[in-house]
A.B. asks: 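Take this structure, written in structure tokens, and hold onto it; I'll ask about it next.
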Amino acid sequence: MTTPLNRIGVFTSGGDAPGMNACIRAVVRRAISEGLEVVGVRRGFAGMIDGDFVEMDRQSVSNVLQKGGTILKSARSQPFQRDPEARARAAARLREAGVDALVGVGGDGTFQGMSCLHDEHGVPVVGCPGTIDNDLFGTDETIGYDSALNTALDAIDKIRDTADAHERLFLVEVMGRDTGFIALACGIGGGAELVLIPEMMTDEAKVREKILSLMSSQSRSSIVVVAEGDEVGGAHRLAESLRADPGCAHIDTRVTVLGHVQRGGPPTARDRVLASRLGNAAVEALLEGHANVMVGVVNGDIKLTPLKLAWSRKKEIDYDLLNLTALLS
Ligand code: F6P
């Protein structure tokens with residue numbers, strides 16, 4: 001790296017995820033322990049463009065490790081991806097604030113913006129994967145995924161009780177606009193009879209057939225987990241199509257959309273540890289002169305992946321797990 005590292009910026013962007021605060025804390029504390037100064041950028045790229053910066057010290061990240069959300073706030077800044085002038089303004093604000101390098105916690109949109117800042121304005125950037133969707137290449141898990149998964153699982157366990165009591169079919173929609181990581185894992189963990197995810201073609205006629213056979217069997221209660229991005233068009237859409245089918249219309253069907261409840265709440269122990277490791281690794285990467293990379297954990301070890309690869313390459317779901325749902329239901 002050409003510029004000496006004295007002062008780093010840290011920000012969160014995109015959909016918030018439990019564990020983001022633990023990551024900010026790790027970045028701030030590790031950086032300060034190395035004699036660096038830390039500037040917090042508030043409201044993601046939107047705040048970067050406006051120069052909404054705050055000085056951070058050890059005390060400013062006290063008592064945040066266990067909290068969901070993000071103390072630096074977050075935003076979805078569409079103009080940033082499309083508007084080179086917005087990026088030039090953000091780079092100028094960073095320069096004015098004396099920021100030598102930037103750590104960003106977020107998902108693919110965040111990393112795309114950071115890649116642009118690096119490529120167009122030479123800002124040394126390191127990304128920490130933070131999204132409940134777990135859809136970033138270069139890390140086995142993203143910060144927030146485990147917490148969201150456990151929130152969804154807790155809900156499914158509760159739904160199971162009432163589904164069983166009333167012998168009903170429940171269609172439970174979980175987050176995942178483009179990916180089925182949450183759906184698949186909470187489907188297995190919650191013993192769902194069927195899981196629908198964007199990565200697998202969904203044949204609606206076959207789904208109705210399967211549901212009919214499930215509901216005619218002895219148990220007479222079933223849970224179908226639907227990822228919001230599945231081509232079936234969400235749990236409400238699937239319920240409509242079941243009610244419209246004379247063969248399935250008699251099935252007592254209920255829909256639960258878990259929605260943003262999955263994004264909130266305290267991070268699990270697993271997420272706190274992951275976030276702390278990744279925040280620390282991000283500062284370490286900068287100190288070692290790396291830039292334009294994402295820090296991730298692969299098979300238990302910290303690994304650096306070129307930032308562009310992290311957001312552009314599709315992370316594969318585990319198809320064995322999908323087969324397992326079918327096998328065990
Ligand atoms: O954080 C990722 C994600 O949870 C997606 O799965 C979901 O579609 C999206 O965020 C919705 O977020 P928002 O309401 O903030 O646009």
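Counting starts at 1 for both ligands and their atoms, following the listed order. Atoms considered below: every heavy atom in the structure, side chains included; atoms not considered: hydrogens, waters and symmetry mates.
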A.B. asks: List every atom of ligand 1 that sits less than 4.0 Å from any heavy atom of His260, numbering the atoms from 1 in the order shown and giving each element.
C.D. replies: 12 (O), 13 (P), 14 (O)
A.B. asks: Under 3.5 Å between some N or O of ligand 1 and some N or O of Gly15?
C.D. replies: no
A.B. asks: Considering distance alone, does some N or O of Thr131 sit under 3.5 Å from an N or O of ligand 1?
C.D. replies: no
A.B. asks: Pick one: which of Arg220, Arg168, His166 meets side chain to side chain donor-acceptor pair (under 3.5 Å) with Asp252?
C.D. replies: Arg168
A.B. asks: For the residue pair Lys308 / Asn292, report whether a side-chain donor-acceptor contact shorter than 3.5 Å exists.
C.D. replies: no
A.B. asks: Under 4.0 Å, heavy atoms only, figure out whether ligand 1 is touched by the backbone of Arg263, its side chain, both or neither.
C.D. replies: side chain
A.B. asks: Which of the atoms of ligand 1 are close to Ile132, meaning less than 4.0 Å from one of its heavy atoms?
C.D. replies: 4 (O)
A.B. asks: Any side-chain heavy atom of Gln81 within less than 4.5 Å of one from Arg76?
C.D. replies: no
A.B. asks: Just heavy atoms, cut-off under 4.0 Å: does Asp16 contact ligand 1 by side chain, backbone, both, or neither?
C.D. replies: neither
A.B. asks: Would you say Arg272 and Ser147 are linked by a side-chain donor-acceptor pair, where the criterion is simply a distance under 3.5 Å?
C.D. replies: no
A.B. asks: Would you check if there is a donor-acceptor pair between the side chains of Thr202 and Asp230 at a distance under 3.5 Å?
C.D. replies: yes
A.B. asks: Considering only non-hydrogen protein atoms, determine which one is nearest to atom 8 (O) of ligand 1 and report residue, atom name and distance to 0.1 Å.
C.D. replies: Glu228 OE2, 2.7 Å
